[in-house]
Engineer: 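Sharing a structure with you now.
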Amino acid sequence: MLKKSLIGVSLTITLLAGILYLPSFDHIRNFMAWGKHSIFDFRTHPTRHIENGDAPQVWPHDSLYNKIELPDSLLAKIDSNNTHAFLVIQDGKILYEKYFDGYTKDSISGSFSAAKSIISMLVGIGVSEGKIKSIDEPVGNYVPHFKEGDLAKIRIKDLLTMSSGTNYKESDQSYMGLSAKMYYADDQEYVVNLMEAKEPAGVNWEYRSGDTQVLGLVVEKAFGKNISELTSEYFIKPMGAENDAKWLLDGESKHEKAFCCFNGVARDYARFGELMRTNGKWKDKQIVPEDYMKVATSPANYLKDPTEGGKPVDYYGYQFWVFNHQGFSIPTMNGLFGQYVYTIREKNAIIVRLGETKVVKHVHHFQPENFTYIDAALSILK
């Protein structure tokens, strides 16, 4: 009897282990191995190296570098929010730089959804180089699954503006939801193939990480290279990043998690802020087309927001957020747990905040802490 019981238990364990290797359940196996998501996932998830080259361009210090102090009330808020890095650059020079909790200028941190803006800029480059004919092209020209049924009506532009109308539900946090599968699955393309058309595209805005992952597949197909290679070639090397970076991959290391997972240091995140500030230009080199960046960092106000009674969208462009505060329209790269890159063009300024903020109820789609970081920067900007 004991022998039969042991055999039964062994067969059951073997069967369960086998199930966790099926595409429908492999994300659960990876969750068990990698753990709950955090800004340190580059330590446990598969990654691809992003080379910075051999010619780093170090940000110079302003003559007032760290000489202007933040008001105590704002500094206390920033510190209490589990901030790891707070960086303010003006006129191309570091005006203020502070690290917390053992972080330094060389500490790598995950971007979460701030990476979406990088994917958008790669799309813009693809159009300028003729690798993508137009953002009005059907997505199905690049991703086979989107040739089917109503999915065939979805354009690249609809993905850029989070208006694909698919069944991907960001708020579904269940273990079997598409969000969980997209972050933990073995193959991003398998998860994309689970997406279905739900409503007409190009009408309603709804935040969907799935839209960005599909854009990642479009970029891979158009360029014939992986996203890490492209990020190194078009951004990290030309802009002289101070450190190498990483991008998280799916479980089988097939595809980058395009919707979330660039990992770099604060000073190098600021380089993407410079591209927002200058409409795609780094010093004398136009990296992303100027016209594309102007539209990408402006609200797609032809779309409706169903959560606000169908009002026009005044806060989102092509994978960039637009934060309106104190009379400024501020293009923003925005990631979970408070990974932010802001640009205040009128002040010729870039602001970077990295950390581990607890997610709280949003105000008009933004975490309330955004006001703190903008106000802190404005208090010291010249």
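Here the structure is a predicted model, which is why all the values come from computation and not from measurement.
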Engineer: Step through the shown structure and confirm whether more than 12 heavy atoms of other residues, nucleotides or ligands are within 6.0 Å of CZ on F40.
Structural biologist: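 Enclosed.
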
Engineer: Assess, by modelled atom type and distance only, whether the side chains of S38 and E356 contain a donor and an acceptor separated by less than 3.5 Å.
Structural biologist: no

Engineer: Atom NZ of residue position K198 - does it have more than 12 heavy atoms of other residues, nucleotides or ligands inside 6.0 Å?
Structural biologist: yes

Engineer: Check each of R353, K77, E369 against T83 using the side-chain hydrogen bond (donor to acceptor under 3.5 Å, both in side chains) test, and report the only one that passes.
Structural biologist: R353

Engineer: Does the gap between the ring centers of F371 and F366 come in under 6.0 Å?
Structural biologist: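 Aromatic pair excluded; centres sit 6.0 Å or further apart.
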
Engineer: So with a 6.0 Å cut-off around NZ of K382, is the heavy-atom count from everything else above 12?
Structural biologist: yes

Engineer: For D72, look at atom CG and say whether over 12 heavy atoms of other residues, nucleotides or ligands are found less than 6.0 Å away.
Structural biologist: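 Open.
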
Engineer: If you count heavy atoms of other groups shown closer than 6.0 angstrom to CD of Q326, is the number above 12?
Structural biologist: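 Check passes, neighbour count above 12.
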
Engineer: Under the rule for salt bridge (charged side-chain N to carboxylate O under 4.0 Å, His left out), what residues qualify as partners of K169, not counting sequence neighbours?
Structural biologist: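 Partners of K169 under the salt bridge (charged side-chain N to carboxylate O under 4.0 Å, His left out) test: E206.
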
Engineer: Report yes or no: is the cationic atom of K221 (NZ for Lys, CZ for Arg) closer than 6.0 Å to the six-membered ring centre of F146, at no more than 45° off its axis?
Structural biologist: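 The answer is no; the distance or angle limit is not met.
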
Engineer: Measure the spacing between CG of D375 and CG of L74 and express it to the nearest 0.5 Å.
Structural biologist: 6.5 Å

Engineer: In Å and rounded to the nearest 0.5 Å, what is the CG to CG distance from D314 to N301?
Structural biologist: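 The distance works out to 8.5 Å.
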
Engineer: With a 6.0 Å cut-off on ring centres, are H45 and Y183 close enough?
Structural biologist: yes

Engineer: Do F262 and F272 have ring centres separated by under 6.0 Å?
Structural biologist: yes

Engineer: Can a salt bridge be assigned to the pair E274 and R277 using a cut-off of 4.0 Å between side-chain N and carboxylate O?
Structural biologist: yes

Engineer: Answer yes if the side chains of E129 and Y234 hold a donor-acceptor pair under 3.5 Å, and no otherwise.
Structural biologist: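 Looking only at side-chain atoms, Y234 and E129 do form a donor-acceptor pair, the distance falling under 3.5 Å.
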
Engineer: When you measure from the centre of the six-membered ring of F259, is the NZ or CZ of K257 closer than 6.0 Å and no more than 45° off the axis?
Structural biologist: no

Engineer: Please examine the side chains of R29 and D186, heavy atoms only from C-beta on, and report whether any two atoms are closer than 4.5 Å.
Structural biologist: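 They are in contact (side-chain heavy atoms under 4.5 Å apart), so the answer is yes.
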
Engineer: For Y340 and W321, I'd like to know if the aromatic rings sit close, meaning centre-to-centre distance below 6.0 Å.
Structural biologist: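 No - the distance between ring centres of Y340 and W321 does not fall below the 6.0 Å cut-off.
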
Engineer: Determine, stepwise, if the pair N167 / M195 fulfils side chain to side chain contact (heavy atoms under 4.5 Å, CB included).
Structural biologist: CA-CA 6 Å; N167 65 327; M195 294 170 66; 4.0 Å; yes

